[in-house]
Engineer: 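Take a look at the following structure, please.
For the numbers below, each heavy atom of this structure counts, side chains included, while hydrogens, waters and symmetry mates do not.
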Amino acid sequence: MKKLFLCIAIATSITISCKKTKDDDSATSNTVTHKESDIPPGCVYFTPLEGMAPADQIQWLKSRQGTICSNYLTCVLESHQLTSQENTDLQNQIGANPHYTSIKLGDILQNKLCNYNEYRTFTADPSGNISMGSTTSFSITSTCYSLPLFHAISKIPNVTRDTDLKFIKAQINGYTTIVFLIDGISSSYFDYSRWPTFTAEKNPL
């Protein structure tokens with residue numbers, strides 16, 4: 001997924017997933033499937049992640065989280081943005097009256113600092129209602145977003161801690177995931193990050 005605008009570091013691309021199943025590809029795995037990345041010129045800071053094993057990528061991000069949170073949150077944001085075509089396809093899929101679950105940005109951030117030590121997990125029940133959890137572990141299955149992504153969103157003009165993020169379960173390019181948009185701010189959705197390199201194949205929920 002090439003990302004449209006707002007840049008969220010590849011770092012959040014790590015926010016790929018956190019659900020553990022028998023096919024779970026945990027952070028200790030030595031392999032990950034990559035797609036060609038499309039890193040904007042202003043985000044080349046993250047190119048060293050290219051080709052790293054997941055565990056090494058996580059350590060790289062953690063060791064540089066201060067720099068990322070201070071200087072590269074726009075990259076983090078962009079890495080999670082769906083393309084124009086993906087947004088169009090998603091709108092056609094969910095129809096005119098989609099079933100969203102709204103969660104306030106402040107409830108997601110709580111009082112957590114911008115870092116890669118904790119992730120927010122999102123799961124859908126059979127009725128499509130989305131619930132949020134937290135984890136300090138990382139794997140590449142299911143839906144998990146990093147705190148830097150939500151800190152990046154908090155810096156968008158007119159976004160406050162009371163702003164609702166509207167979550168929905170959907171199919172994106174053949175895989176099932178949970179995406180969200182920023183209520184009253186943008187009609188464009190956010191999904192797993194794809195570039196610069198933490199581009200593991202998506203696993204169905």
Engineer: Could you walk me through whether Ile182 and Phe190 satisfy the side chain to side chain contact (heavy atoms under 4.5 Å, CB included) test, starting with their C-alpha distance in whole Å, then the side-chain angles of each, then the deciding distance to 0.1 Å, before giving a yes or no?
Structural biologist: CA-CA 9 Å; Ile182 307 170; Phe190 293 87; 3.7 Å; yes
Engineer: Tell me whether Asp125 at atom CG has more than 12 heavy atoms from other residues, nucleotides or ligands lying less than 6.0 Å away.
Structural biologist: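 Yes, CG of Asp125 has more than 12 neighbouring heavy atoms, counting only those of other groups under 6.0 Å.
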Engineer: Working note: Gln110 + Asp107, criterion side chain to side chain contact (heavy atoms under 4.5 Å, CB included); need CA distance, chi angles, decisive distance, verdict.
Structural biologist: CA-CA 5 Å; Gln110 299 173 16; Asp107 291 336; 5.9 Å; no
Engineer: Give me the atom names and distance for the closest heavy-atom approach of Lys169 to Ala124.
Structural biologist: CD-CB, 3.8 Å
Engineer: Side chains of Ser188 and Gln81: do they bring a donor and an acceptor to under 3.5 Å?
Structural biologist: yes
Engineer: Please give me the minimum heavy-atom distance between Leu147 and Glu118, naming the atom from each residue.
Structural biologist: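 Heavy-atom minimum between the residues: CG-O, 3.6 Å.
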Engineer: How long is the gap from CD1 on Ile68 to OG on Ser146, to the nearest 0.5 Å?
Structural biologist: 9.0 Å
Engineer: For the residue pair Arg120 and Ser134, confirm or rule out a side-chain donor-acceptor distance under 3.5 Å.
Structural biologist: yes
Engineer: Is there a donor-acceptor contact under 3.5 Å from the side chain of His151 to the main chain of Lys112?
Structural biologist: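 It does hold such a pair.
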Engineer: Given side chains that start at C-beta, do those of Thr136 and Tyr119 come closer than 4.5 Å, heavy atoms only?
Structural biologist: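 The answer is no, as the side chains (C-beta and beyond) never meet within the 4.5 Å cut-off.
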Engineer: Can you see which heavy atom on Pro48 is nearest to which on Trp60, and at what distance?
Structural biologist: CB-NE1, 3.8 Å
Engineer: If you measure from CG on Leu149 to CD1 on Ile108, what distance do you get to the nearest 0.5 Å?
Structural biologist: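 It comes to 9.0 Å.
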Engineer: Do NZ/NE/NH1/NH2 and the carboxylate oxygens of Lys104 and Asp162 come within less than 4.0 Å?
Structural biologist: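 No, no charged N to carboxylate O under 4.0 Å.
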Engineer: How many angstroms lie between CG in Leu181 and CG in Asp164, if you round to the nearest 0.5 Å?
Structural biologist: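 These two atoms lie 10.5 Å from each other.
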Engineer: How long is the gap from OG1 on Thr163 to CG on Leu165, to the nearest 0.5 Å?
Structural biologist: 7.5 Å
Engineer: Once you measure the plane-to-plane angle for Tyr72 and Phe46, does it fall in the parallel (<30°), tilted (30-60°) or perpendicular (>60°) bin?
Structural biologist: perpendicular
Engineer: After noting the C-alpha distance and the side-chain angles of Ile172 and Val179, does the key distance pass the side chain to side chain contact (heavy atoms under 4.5 Å, CB included) rule?
Structural biologist: CA-CA 9 Å; Ile172 303 293; Val179 300; 4.0 Å; yes
Engineer: Can any side-chain N or O of Glu86 pair as donor or acceptor with the backbone N or O of Thr83 at less than 3.5 Å?
Structural biologist: yes
Engineer: How far does OH of Tyr100 sit from CD1 of Ile168, to the nearest 0.5 angstrom?
Structural biologist: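 Tyr100 atom OH to Ile168 atom CD1 measures 5.5 Å (nearest 0.5 Å).
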Engineer: With no hydrogens and no angle check, do the side chains of Thr88 and Gln85 hold a donor and an acceptor under 3.5 Å apart?
Structural biologist: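 Their side chains do not contain a donor-acceptor pair, so the 3.5 Å distance test is not met.
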Engineer: For the backbone of Asp191 and the side chain of His80, can you confirm whether one donor and one acceptor N or O come within less than 3.5 Å of each other?
Structural biologist: yes
Engineer: To the nearest 0.5 Å, how far apart are CE in Met52 and CG in Leu61?
Structural biologist: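 The CE atom of Met52 sits 8.5 Å away from the CG atom of Leu61.
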Engineer: Just by distance, with hydrogens left out, do Thr135 and Thr121 show a side-chain donor and acceptor under 3.5 Å apart?
Structural biologist: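 Distance-only check fails for Thr135 and Thr121.
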Engineer: Decide side chain to side chain contact (heavy atoms under 4.5 Å, CB included) for Tyr45 and Arg64; before the verdict, give the C-alpha distance in whole Å, the side-chain angles of both, and the deciding distance to 0.1 Å.
Structural biologist: CA-CA 10 Å; Tyr45 178 80; Arg64 293 163 177 80; 3.4 Å; yes
Engineer: So do Leu105 and Ile153 actually touch side chain to side chain, heavy atoms under 4.5 Å?
Structural biologist: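 Yes, side chains in contact.
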Engineer: Angle class for the Phe180/Tyr145 ring planes (parallel below 30°, perpendicular above 60°, tilted otherwise)?
Structural biologist: perpendicular
Engineer: Which atom pair, heavy atoms only, marks the closest approach of Ser102 to Lys166?
Structural biologist: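 Shortest heavy-atom contact: OG-CG, 3.6 Å.
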Engineer: Over all heavy atoms of both residues, which pair between Leu73 and Pro148 is shortest? Give the atoms and the distance, please.
Structural biologist: CD2-O, 3.5 Å
Engineer: Indicate yes or no for a side-chain donor-acceptor contact from Ser63 to the backbone of Gln59 under 3.5 Å, with no hydrogens or angles considered.
Structural biologist: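 Indeed, once roles are kept as given, a pair shorter than 3.5 Å links the two residues.
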Engineer: Using modelled atom types and a 3.5 Å cut-off, is there a donor and acceptor pairing between side-chain atoms of Asn115 and backbone atoms of Asn117?
Structural biologist: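 Yes; judged by distance alone, with no hydrogens or angles, the pair exists.
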Engineer: Looking only at the side chains, is there a donor atom on one of Gln171 and Thr176 sitting less than 3.5 Å from an acceptor on the other?
Structural biologist: yes
